[in-house]
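Below: the structure, in structure tokens.
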Amino acid sequence: MNITRRSFGLAALGGMLIPALPAIAKAPFAGSQAAGVYRLKVGGFEVTVLNDGWLPIETKLFTGSADGAAKLLEGRFLSKDATPTAVNEWVVNTGDKLILVDTGTSNMFGPTLGRMAKNLAAAGVDPAAVDMVILTHLHPDHAAGLLTADKKIAFANATVHVSEAEYAFWTSTEIYAKAPDDFKPFFDMARNSIKPYADAGKVERFKDRTEFAPGIVASAAPGHTMGHTMVRLSSGPGELLLWGDIVHNAALQFPEPDRAISFDTDQAMAIANRKRVFDMAATDRLLIAGSHLPFPGLGHVAKAASGYAYVPVEWGADL
């Protein structure tokens with residue numbers, strides 16, 4: 001069809017002669033975001049990323065130059081005061097086992113969190129079908145979701161796996177007694193979250209390099225907590241490293257991995273392991289997934305002129 005000046009003018013005139021039609025009613029606002037669910041294939045595994053929501057993490061909690069932080073955040077169009085930070089979890093379906101890595105916050109925090117159970121349902125996963133829960137560590141944004149809002153066991157048929165060093169730290173009466181008063185609630189939340197499973201004989205403690213199932217292996221990366229552990233998935237040609245809390249703020253810690261956060265139990269160790277993991281992921285071109293990377297938190301690490309860069313994966317419409 002050829003559009004000429006004459007045909008365009010006639011069409012416009014025709015539009016003017018059409019009588020006015022009644023306004024069509026607009027659709028109501030949805031008022032909520034779509035479900036926080038994203039899937040990908042890792043070899044023969046199907047991995048579902050879940051989102052528990054977000055929390056603002058204040059910039060002042062990170063070490064390093066405040067002016068430098070402000071410049072980095074400004075360059076990413078983020079507030080210099082606090083960054084909205086995702087809380088992500090993962091379901092790994094091996095075809096034989098259904099494994100949940102981390103559990104979210106349950107109802108331990110504000111209204112922007114506690115959505116993992118709803119998103120698990122949106123993903124079509126029955127909590128009773130979960131065979132195993134692996135915890136990267138026992139901070140409440142990773143372990144509190146072991147319990148429902150009314151403090152009942154959320155995963156009735158699952159065994160909970162936690163690092164031996166992690167379990168020992170948070171359950172130690174000696175360490176608890178020496179902890180600052182404002183830090184003691186973290187011990188209480190960790191203990192309360194895992195106790196019902198321990199009482200039921202459903203807690204197993206693991207060491208570094210433990211294989212939970214074929215192709216699913218623990219990889220210790222302490223520092224953020226004493227037993228902080230990554231989970232490496234390998235199936236056929238596919239690999240994915242679920243690295244937990246290696247990073248809390250992508251805009252700050254990729255370009256400047258020496259920036260620690262105040263929640264790190266051993267900041268020097270956390271920094272050393274972050275650098276080690278960044279170098280491994282960049283060198284091996286390894287796909288990574290982070291608890292606190294913007295949902296769905298999947299991408300690669302690239303070496304940069306200064307530090308490293310985070311390269312998110314492209315959205316995959318198909319598995």
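Atoms considered below: every heavy atom in the structure, side chains included; atoms not considered: hydrogens, waters and symmetry mates. Throughout, residue positions are numbered sequentially from 1 according to the sequence presented.
- For Arg205 (side chain) and Ala168 (main-chain N/O), no donor-acceptor pair under 3.5 Å exists by modelled atom type.
- Checked options Asp141, Asp52, Thr112; the residue passing with Thr105 is Asp52 (criterion: side-chain hydrogen bond (donor to acceptor under 3.5 Å, both in side chains)).
- With a 6.0 Å radius and a threshold of 12 heavy atoms from other residues, nucleotides or ligands, Lys202 has its NZ atom above the threshold.
- Annotation: the span from Ser163 atom OG to His228 atom NE2 amounts to 10.5 Å, rounded to 0.5 Å.
- Between Leu40 and Val313 there is no side-chain heavy-atom pair separated by less than 4.5 Å.
- For Arg115 (side chain) and Gly53 (main-chain N/O), no donor-acceptor pair under 3.5 Å exists by modelled atom type.
- The shortest heavy-atom contact between Leu120 and Pro127 is CD2-CG, 4.0 Å.
- Follow the hydrophobic side-chain contacts under 4.5 Å out from Val42 and you never reach Leu98; the two are in separate clusters.
- Minimum heavy-atom separation, Ala251 to Leu72: O-CB, 3.8 Å.
- Side chains of Thr83 and Ile57 form no contact here, defined as non-hydrogen atoms less than 4.5 Å apart.
- Within the 3.5 Å criterion, the main-chain N or O of Ala179 finds a donor-acceptor partner in the side chain of Lys184.
- A side-chain donor-acceptor contact under 3.5 Å links Gln253 to the backbone of His248.
- Note on Phe77: it does not cluster hydrophobically with Leu73, by side-chain heavy-atom contacts below 4.5 Å among ILVMFWY residues.
- When all heavy atoms of Ala190 and Leu138 are compared, the closest pair comes out as CB-O, 3.6 Å.
- With a 4.5 Å cut-off on side-chain heavy atoms, Thr265 and His224 do not count as touching.
- Thr85 places none of its side-chain heavy atoms less than 4.5 Å from the side chain of Asn249.
- Heavy atoms of other residues, nucleotides or ligands lying less than 6.0 angstrom from CD of Glu314 number 12 at most.
- Put simply, CD1 on Ile134 and OG1 on Thr229 are 10.0 Å apart, with the number rounded to the nearest 0.5 Å.
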Pair Leu240-Phe45, side-chain contact (heavy atoms from CB on, under 4.5 Å): steps then yes or no: CA-CA 10 Å; Leu240 173 62; Phe45 299 160; over 6 Å; no
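- Taking the six-membered ring for Trp and thresholds of 30 and 60 degrees, His142 and His137 have ring planes inclined between 30 and 60 degrees apart.
- Phe206 and Met226 are members of different hydrophobic clusters when ILVMFWY side chains are connected at heavy-atom separations under 4.5 Å.
- Between the Asn157 side chain and the Ala128 main chain, a donor and an acceptor come within less than 3.5 Å of each other.
- The two residues Ala289 and Trp90 come nearest to each other via the heavy atoms CB-NE1, 3.6 Å.
- Here the CG atom belonging to Asp264 is positioned 13.5 Å from the CZ atom belonging to Arg259, to the nearest 0.5 angstrom.
- Leu147 CG to Met108 CE: the interatomic distance, rounded to the nearest 0.5 Å, is 9.0 Å.
- We find the CG-OG distance between Asp188 and Ser193 to be 10.5 Å, quoted to the nearest 0.5 Å.
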Going through the distances and angles, do Leu50 and Val91 end up as a side-chain contact (heavy atoms from CB on, under 4.5 Å)? CA-CA 8 Å; Leu50 303 172; Val91 177; 3.7 Å; yes
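- Contact between Asp102 and Leu100 at its shortest, heavy atoms only, is O-CG, 3.2 Å.
- Residues Leu135 and Leu146 form a side-chain contact, since some pair of their non-hydrogen atoms from C-beta on lies under 4.5 Å apart.
- In summary, the side chains of Asp67 and Ser65 do not present any donor paired with an acceptor at a separation below 3.5 Å, with no hydrogens or angles considered.
- Between His161 and Phe212, the angle of the ring planes goes over 60°, which puts this pair in the perpendicular group of the 30/60° scheme.
- When the side chains of ILVMFWY residues are joined at heavy-atom separations under 4.5 Å, either directly or via intervening members, Met116 and Leu113 end up in a single hydrophobic cluster.
- Ring orientation note: the planes of Phe263 and Phe186 are tilted relative to one another, at an angle of 30° to 60°.
- Distance alone, capped at 3.5 Å, places no donor-acceptor pair between the Ser219 side chain and the Met230 backbone.
- Side-chain contact between Ile261 and Phe62: present, with at least one pair of heavy atoms (C-beta onward) separated by less than 4.5 Å.
- By the criterion of side-chain heavy atoms lying less than 4.5 angstrom apart, applied directly or through intervening Ile, Leu, Val, Met, Phe, Trp or Tyr residues, Ile288 is not grouped with Val217; the two fall into different hydrophobic clusters.
- At a threshold of 4.5 Å between non-hydrogen side-chain atoms, the residues Ile194 and Tyr167 count as touching.
- In this structure, CG on Asp131 lies 5.0 Å from NZ on Lys97, to the nearest 0.5 angstrom.
- The pair Asp199-Lys195 counts as a salt bridge, with a side-chain nitrogen and a carboxylate oxygen less than 4.0 angstrom apart.
- Applying side-chain contact (heavy atoms from CB on, under 4.5 Å) to His292 and the options Asn88, Val247, Asp245, Ile246 leaves one that passes, Asp245.
- With hydrogens and angles ignored, the 3.5 Å screen pairs no side-chain donor or acceptor of Glu89 with any backbone N or O of Thr103.
- When all heavy atoms of Phe155 and Gly145 are compared, the closest pair comes out as CE1-O, 3.5 Å.
- Panel note: side chain Ser235, backbone Gly43; no donor-acceptor pair is recorded below 3.5 Å.
- A donor-acceptor pair is defined here as one N or O able to donate and one able to accept, closer than 3.5 Å; such a pair exists between the side chain of Asn51 and the backbone of Val87.
- Using cut-offs of 30° and 60° on the angle between ring planes, the pair Phe183 and Trp170 is tilted.
- With respect to Asp258, the side-chain hydrogen bond (donor to acceptor under 3.5 Å, both in side chains) criterion is satisfied by exactly one of Lys275, Gln267, Arg274: Lys275.
- Residues Asn119 and Tyr38 are not in side-chain contact: their nearest non-hydrogen atoms beyond the backbone lie 4.5 Å or more apart.
- Checked by atom type and distance alone, the side chain of Thr210 pairs as donor or acceptor with a backbone atom of Lys207 at under 3.5 Å.
- For the pair Lys303 and Asp279, the salt-bridge criterion is met [side-chain N within less than 4.0 Å of a carboxylate O].
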Begin with the C-alpha distance, continue with both residues' side-chain angles, and end with the deciding distance and a verdict on side-chain contact (heavy atoms from CB on, under 4.5 Å) for Asn273 and Trp243. CA-CA 11 Å; Asn273 270 312; Trp243 75 12; over 6 Å; no
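- A salt bridge links Glu239 with Arg232; the closest basic N to acidic carboxylate O contact falls under 4.0 Å.
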